[in-house]
2 protein chains.
Amino acid sequence: MEKQNVTIYDVAHQAGVSMATVSRVVNGNPNVRPKTREKVMKVIKELNYHPNVIARGLASKRTRYIGVLLPDITNPYYSSLALGIDDIANMYEYNIILANADPEHDAAGVESLIMKQVDGIIFIGNSISQEARQKISAAGRPCVFTDLIDPEATMPTINIDVEDAYYQVTKDFLANGKKRIALVGSDQGFKVSQSRQLQGYEKALTEAGHAVNEDLLIAAKSPSYDSGYALYETFTEIEADAAIATDDTIAIGLLNALLDNGVKVPEEVEIMASDNSSIVNMSRPELSSIAPPIYDIGAVAMRALTKLMENETLDTDLKLPYQIIKGGTTS
Amino acid sequence: MEKQNVTIYDVAHQAGVSMATVSRVVNGNPNVRPKTREKVMKVIKELNYHPNVIARGLASKRTRYIGVLLPDITNPYYSSLALGIDDIANMYEYNIILANADPEHDAAGVESLIMKQVDGIIFIGNSISQEARQKISAAGRPCVFTDLIDPEATMPTINIDVEDAYYQVTKDFLANGKKRIALVGSDQGFKVSQSRQLQGYEKALTEAGHAVNEDLLIAAKSPSYDSGYALYETFTEIEADAAIATDDTIAIGLLNALLDNGVKVPEEVEIMASDNSSIVNMSRPELSSIAPPIYDIGAVAMRALTKLMENETLDTDLKLPYQIIKGGTTS
DNA sequence: CTGTTAGCGCTTTCAC
DNA sequence: GTGAAAGCGCTAACAG
């Protein structure tokens, strides 16, 4: 319980300068004579002064907090993304504050973040509600999207070229003779929203002269292992011979459900996952997966946000390179 | 970009009362005539007023932020814990802010949280550095520990009875004829610190008339799948016939390494994990595991912290009930 | 029950 | 280059 409250005033007093000068030193304002700066620095060290972030926030109207909305922090894909964001945020001396935002509660999440006076927002997920999107606009806060495209197309989106990835994967499946390729989403949204995933998938089918079969578009209740596992019945009914899952936890759930029921993977059914998150090698066989540069996506998103907050403009659609990792669930 | 700055003053003015009254209404202070309260509420709605959290923090010296330090958010055990914490935090209108704190950087983590003026801290991990612990004391902030015991024994620790769990598991292994039971830690710390895990393990061995064999205490580099997988060589050398892993990711890593090398689990080696986190059923066979009530631990920890912040006192060592889940990696 | 009055610790014009 | 002073929006005594 040592001296808890060295203020800028104490430093100013002790150094024989004004608060304004101390403030300048602390904030790296160049308009300070080197000698003065040095003296102030010394006192800051001596007194172990740390600026009060709250007071600073009040006075400057900027908090250096940025809000990150994501569907589920226990999903390894999202938590890894958060890590990339956090690293860059620290680099720019921003702090991140996480908020869970499944599709039902994203508006509440946005609102709570805005009330916390965050300087900017990173929105991660498959979809955003109109209401949530409006609140972001209304608050006039910069925002960067990841995974999904900004429905208003005014804020940047960071991701791989999802459409291309799904196109490639679907094409490969077709080339390998697959006739019934299922697209397995993590919620119902991907069907209605004409997601990029669906577009890439459709493009490959169309090119090969096939139409999209609605039956083959199925969705888990949520992006989780159990929801994936629970898909077994549905999946069996549609008699698919291949599946592309939009989420790794769903992919592993489905894989294990198939294996547990004696279905051979990849011989009878091939599976492609989408995140290459930390769990893809926990199953046997290991999951094949589209491999987005997860950490980089987070990092680039955060970097983009810092630019936005400094009123720079950027491209609205940044596409990072991806790979396709061959595990044991595809041939 | 609607009206961004309705202040308490605007509300007061519009409602024909003083700022103080508005403040009282907003903070649920009972000393307001119902009629007045109603009037103020109405104006608040009309103007869509939201109190500025920052200003409130400055004036009240409490931010309603609590800092959560954990080793790795991408580890499912820790992220689930964070979820339990977050839920209760929201209930009490606290916000959590996460900080990564592996053993090397915990002091920096604590410091950054304190600079952010958090009202309290929850520390999660196997160990805490002296420096970090001191900073917490120095800041005079309440703190709750999870997983580890407060080295100064002044702040509460929330966990299952780890010693008992390890005692039981070890005893069961012995009863099943296991001769060489390895204890697999997630870092070197658990050996030196005479962790509760080690104590339970030792107790069971001693009771059975055996001594602890130092060779059988091994540690992964970090709590991660890869570190667990990399343990294969070491593990083979010690010729263990059973293993208790302190972390699920390590357990799965080790399991898969054994399987990939043709070792039969559980026939030749049995494995017991410790977290029963979301990944235990991703492997085949599924992991057997000690099952702490993860969500509850987080929830209870957060609840305990709220009590501490209200200057209530509590027991310093809360032990929650646990189970042992029989998967396929034990007989 | 309600209003007045100080600040909380810092940033930021605006003079000097 | 540096200082004085006016807030940022709110809470918390203290009166009444």
Side-chain angles (χ1 to χ4, degrees), chain A residues 3-41 43-44 47-65 93 95 114-119 139, chain B residues 3-41 43-44 47-65 93 95 114-119 139-140 309:
Chain A
K3 60 173 77 171
Q4 181 50 37
N5 23 24
V6 259
T7 76
I8 198 171
Y9 174 82
D10 299 325
V11 177
H13 185 76
Q14 177 82 19
V17 299
S18 74
M19 288 164 50
T21 300
V22 178
S23 176
R24 289 190 187 98
V25 170
V26 170
N27 292 297
N29 184 316
N31 291 343
V32 181
R33 191 149 41 95
K35 201 124 190 201
T36 314
R37 174 184 308 280
E38 217 170 280
K39 188 172 56 183
V40 173
M41 294 281 239
V43 176
I44 288 180
L47 268 44
N48 188 30
Y49 165 73
H50 292 289
N52 181 318
V53 190
I54 305 294
R56 202 205 295 254
L58 222 209
S60 67
K61 311 279 242 167
R62 311 183 340 111
T63 58
R64 302 202 80 81
Y65 274 101
E93 294 182 49
N95 307 116
I114 289 173
M115 279 182 51
K116 287 164 201 158
Q117 331 286 326
V118 295
D119 292 341
Chain B
K3 60 174 74 170
Q4 181 51 39
N5 22 24
V6 257
T7 77
I8 198 170
Y9 175 81
D10 300 325
V11 177
H13 186 76
Q14 178 82 18
V17 299
S18 73
M19 289 164 50
T21 301
V22 178
S23 177
R24 288 190 189 99
V25 171
V26 170
N27 293 297
N29 185 317
N31 293 341
V32 182
R33 191 150 43 94
K35 202 124 190 202
T36 314
R37 175 185 305 282
E38 218 171 279
K39 189 172 55 182
V40 172
M41 293 283 237
V43 176
I44 288 181
L47 268 45
N48 189 28
Y49 165 73
H50 292 288
N52 181 317
V53 190
I54 305 294
R56 198 202 297 249
L58 223 208
S60 68
K61 314 278 248 166
R62 309 176 349 106
T63 58
R64 301 202 80 80
Y65 274 101
E93 294 182 49
N95 307 115
I114 289 173
M115 280 181 50
K116 288 163 201 159
Q117 332 284 324
V118 295
D119 292 341
M309 291 187 295

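Naming convention: chains lettered A, B, ... in sequence-line order (proteins, then strands); numbering from 1 in each chain.
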side-chain hydrogen bond (donor to acceptor under 3.5 Å, both in side chains) pairs, two or more places apart, involving residues 28-39 of chain A =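 Listed by first then second residue: nothing to list.
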
Which side-chain hydrogen bond (donor to acceptor under 3.5 Å, both in side chains) pairs, counting each pair once, include a residue from residues 6-20 of chain B, with sequence neighbours left out?
->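 Counting only pairs at least two positions apart or across chains, the side-chain hydrogen bond (donor to acceptor under 3.5 Å, both in side chains) contacts touching residues 6-20 of chain B are B/Ser18-B/Thr21.
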
Closest heavy-atom pair and its distance - [X], [Y]:
X: A/Tyr49; Y: A/Val26; result: CE2-CG2, 4.0 Å
X: A/Asn95; Y: B/Lys116; result: ND2-CE, 2.8 Å
X: B/Arg24; Y: B/Val32; result: CB-CG2, 3.6 Å
X: A/Ile114; Y: A/Ala139; result: CD1-CB, 3.3 Å
X: B/Val43; Y: B/Ala15; result: CG2-CB, 3.7 Å

Is the distance from OP1 or OP2 of D/dT11 to the nearest side-chain N or O of B/Ser23 less than 4.0 Å?
->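 Yes, because at least one side-chain N or O of B/Ser23 sits under 4.0 Å from OP1 or OP2 of D/dT11.
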
Using a cut-off of strictly less than 4.0 Å between a heavy atom of the residue and any atom of DNA chain C, enumerate the qualifying residues of residues 27-38 of chain A by number.
->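 Residues of residues 27-38 of chain A under 4.0 Å from DNA chain C: A/Asn27.
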
For A/Tyr65, all residues meeting ring pair (Phe, Tyr, Trp, His ring centres under 6.0 Å), sequence neighbours excluded |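 Ring pair (Phe, Tyr, Trp, His ring centres under 6.0 Å) list for A/Tyr65, sorted by chain: B/Tyr65.
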
Check whether more than 12 heavy atoms from other residues, nucleotides or ligands sit under 6.0 Å from atom CE of B/Met309, and answer yes or no.
->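 Yes, the 6.0 Å shell around CE holds more than 12 heavy atoms from other groups.
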
Which pairs, protein N/O on one side and nucleotides 7-9 of chain D N/O on the other, fall under 3.5 Å?
from: D/dC8; atom 1: O3'; to: A/Lys61; atom 2: NZ; distance (Å): 3.3
from: D/dC8; atom 1: O2; to: A/Ala59; atom 2: N; distance (Å): 3.2
from: D/dG9; atom 1: OP1; to: A/Lys61; atom 2: NZ; distance (Å): 2.7
from: D/dG9; atom 1: N2; to: B/Ala55; atom 2: O; distance (Å): 3.3

For DNA chain D, what residues of residues 11-19 of chain B have any heavy atom nearer than 4.0 Å?
->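 Close to the strand are B/Met19.
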
Would you work out how much the helix from C/dC1-D/dG16 to C/dC16-D/dG1 bends between its ends, with each end axis defined by five base pairs, to 10 degrees?
->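 If I round to tens, the end axes sit 30° apart.
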
Any donor-acceptor pair under 3.5 Å from A/Arg62 side chain to A/Asp119 backbone =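 Pair absent, no side-chain N/O of A/Arg62 close to backbone of A/Asp119.
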
Identify the 5'-most and 3'-most nucleotides of DNA chain C with at least one atom closer than 4.0 Å to a non-hydrogen atom of chain B.
->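 For DNA chain C, the relevant span reads C/dC1 to C/dG9.
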
Show me the donor-acceptor pairs within less than 3.5 Å that the side chains of residues 50-59 of chain A make with the rest of the protein, sequence neighbours left out.
from: A/His50; atom 1: NE2; to: A/Asn48; atom 2: OD1; distance (Å): 3.3
from: A/Asn52; atom 1: OD1; to: A/Ile54; atom 2: N; distance (Å): 2.7
from: A/Asn52; atom 1: OD1; to: A/Ala55; atom 2: N; distance (Å): 3.0
from: A/Arg56; atom 1: NH1; to: A/Asn27; atom 2: OD1; distance (Å): 2.8

